[in-house]
Amino acid sequence: MPPIRNSRGVVMRVPKSTLEMRGFNPSEGHELVRLQVVWSSQGSGRVEDVFANYYPSDRRAEAYLGRLDHGVQFTVVSAERYDYLDFVKDFEESKPLNLANVKLGVDGEAIWMDVDGRRIVLSECLLNTFGSMVNLRGKLGNGKPEIKFEYDGKSAAARFKGRPLIEYVQVQGDELEIKYAQSRAEKHFYRVNLKGC
């Protein structure tokens with residue numbers, strides 16, 4: 001199948017019938033799908049995970065791929081539902097060394113992160129896609145800034161307030177300290193009082 005180019009870039013569209021043949025049994029609502037895809041261009045191929053939104057009204061899954069070389073084709077090898085538990089597992093298996101002291105977890109409906117042995121429940125959590133990657137967004141408490149964990153099928157990262165890359169997270173006493181990079185030269189710290197969290 002070739003990707004489709006539209007005004008927003010290159011889009012991978014996979015019809016419901018293909019998804020079902022590859023293992024995904026959609027429900028009636030919007031869901032996330034992990035697609036294992038083989039990309040081929042001029043006789044060579046590579047396999048990767050792509051995360052897509054399934055839209056029941058359109059009977060298809062879509063992932064925006066950004067810029068892609070002309071002439072690339074894809075074949076869907078497998079398709080499966082993707083949820084918070086899957087994300088936590090993938091993040092834990094591929095997180096960078098600078099986040100070794102951070103552990104994500106799920107208890108029923110609650111999403112939390114454990115930093116240096118201190119559990120912090122995230123509020124207003126949302127699992128969604130950005131391009132072909134998947135991310136988990138959550139707030140560090142009511143009225144507090146957002147933290148975002150990303151997974152692209154190979155590696156994971158964490159960002160603060162939307163975009164800046166988190167360099168480290170640690171707990172000191174009753175404070176959570178986050179160091180993030182606005183740019184290579186511009187570093188910032190943000191501290192959250194954990195009393196009552």
Side-chain angles (χ1 to χ4, degrees), residues 1-96 99 103-113 122-138 146-159 162:
M1 263 184 251
I4 297 161
R5 190 172 300 275
N6 70 14
S7 62
R8 293 175 58 192
V10 178
V11 184
M12 172 192 289
R13 289 187 177 149
V14 183
K16 180 181 178 185
S17 58
T18 302
L19 295 169
E20 289 174 332
M21 286 190 302
R22 300 297 184 257
F24 178 68
N25 186 15
S27 68
E28 296 300 312
H30 173 264
E31 298 177 89
L32 297 187
V33 185
R34 181 202 310 253
L35 303 169
Q36 189 174 52
V37 173
V38 175
W39 295 100
S40 57
S41 175
Q42 301 174 355
S44 64
R46 70 183 194 281
V47 180
E48 71 180 21
D49 286 343
V50 172
F51 298 91
N53 289 291
Y54 175 72
Y55 299 105
S57 59
D58 295 335
R59 300 174 52 86
R60 68 177 179 228
E62 282 189 1
Y64 280 86
L65 304 173
R67 297 172 190 243
L68 194 67
D69 295 334
H70 237 44
V72 174
Q73 301 272 326
F74 69 92
T75 304
V76 177
V77 177
S78 68
E80 60 186 20
R81 184 170 282 106
Y82 195 81
D83 60 20
Y84 287 110
L85 285 172
D86 297 315
F87 181 86
V88 165
K89 180 179 178 289
D90 288 337
F91 184 84
E92 287 302 312
E93 290 175 355
S94 58
K95 66 186 174 187
L99 298 177
K103 178 178 172 46
L104 290 181
V106 179
D107 286 331
E109 298 293 312
I111 312 293
W112 49 267
M113 68 177 189
L122 301 175
S123 64
E124 300 177 39
C125 291
L126 177 64
L127 187 66
N128 61 11
T129 61
F130 180 76
S132 62
M133 76 170 70
V134 64
N135 58 55
L136 169 66
R137 297 170 179 266
E146 183 179 79
I147 190 166
K148 180 171 75 168
F149 301 95
E150 300 174 337
Y151 178 65
D152 67 3
K154 298 182 254 353
S155 61
R159 297 186 182 276

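Looking at Glu62 and Arg60, a side-chain N of the basic residue comes within less than 4.0 Å of a carboxylate O on the acidic one, giving a salt bridge. Salt-bridge formation is not detected for the pair Lys89/Glu92: no Lys NZ or Arg NE/NH1/NH2 atom is positioned less than 4.0 Å from an Asp or Glu carboxylate oxygen.
Side-chain atoms of Arg13 and Asp58, non-hydrogen and from C-beta on, never get closer than 4.5 Å to each other. For the pair Val14/Arg22, no side-chain contact is recorded, criterion being any heavy-atom separation below 4.5 Å from C-beta on. Residues Lys16 and Pro26 have side chains in contact (heavy-atom distance under 4.5 Å, counting atoms from C-beta outward). Taking the side chain as every heavy atom from C-beta outward, Glu150 and Asp152 never approach each other to under 4.5 Å. No side-chain heavy atom of Glu28 sits less than 4.5 Å from a side-chain heavy atom of Pro56. Between Leu32 and Asn53 the shortest side-chain heavy-atom distance falls below 4.5 Å. With a 4.5 Å cut-off on side-chain heavy atoms, His30 and Tyr54 do not count as touching.
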Can you give each donor-acceptor pair under 3.5 Å made by side-chain atoms of residues 74-83, sequence neighbours left out, with the distance rounded to 0.1 Å?
from, atom 1, to, atom 2, distance (Å)
Glu80, OE2, Arg34, NE, 3.2
Arg81, NE, Glu31, OE1, 2.2
Arg81, NH2, Asn25, O, 2.5
Arg81, NH2, Glu31, OE1, 2.9
Arg81, NH2, Glu31, OE2, 3.4
Tyr82, OH, Asp90, OD2, 2.7
Asp83, OD1, Leu85, N, 3.2
Asp83, OD1, Asp86, N, 3.1

Worked verdict on Phe149 versus Met113 for side chain to side chain contact (heavy atoms under 4.5 Å, CB included):
CA-CA 11 Å; Phe149 301 95; Met113 68 177 189; 3.8 Å; yes
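The distance from the CG atom of Asp49 to the CE atom of Met133 is 13.0 Å, given to the nearest 0.5 Å. Rounded to the nearest 0.5 Å, atoms OH (Tyr84) and CG (Leu104) are 12.0 Å apart. Atom-to-atom distance recorded for Leu19:CG and Arg59:CZ is 10.5 Å, nearest 0.5 angstrom. Atom CD in Glu146 sits 8.5 Å away from atom CD in Glu124 (nearest 0.5 Å). Atom CD1 in Ile147 sits 12.0 Å away from atom CZ in Arg159 (nearest 0.5 Å). The distance from atom CZ of Phe87 to atom CG of Asn135, rounded to the nearest 0.5 Å, is 7.0 Å.
In this structure, Ala156 and Phe91 approach most closely via the heavy-atom pair CB-CD1, 3.5 Å. Contact between Leu122 and Gly138 at its shortest, heavy atoms only, is CB-CA, 4.4 Å.
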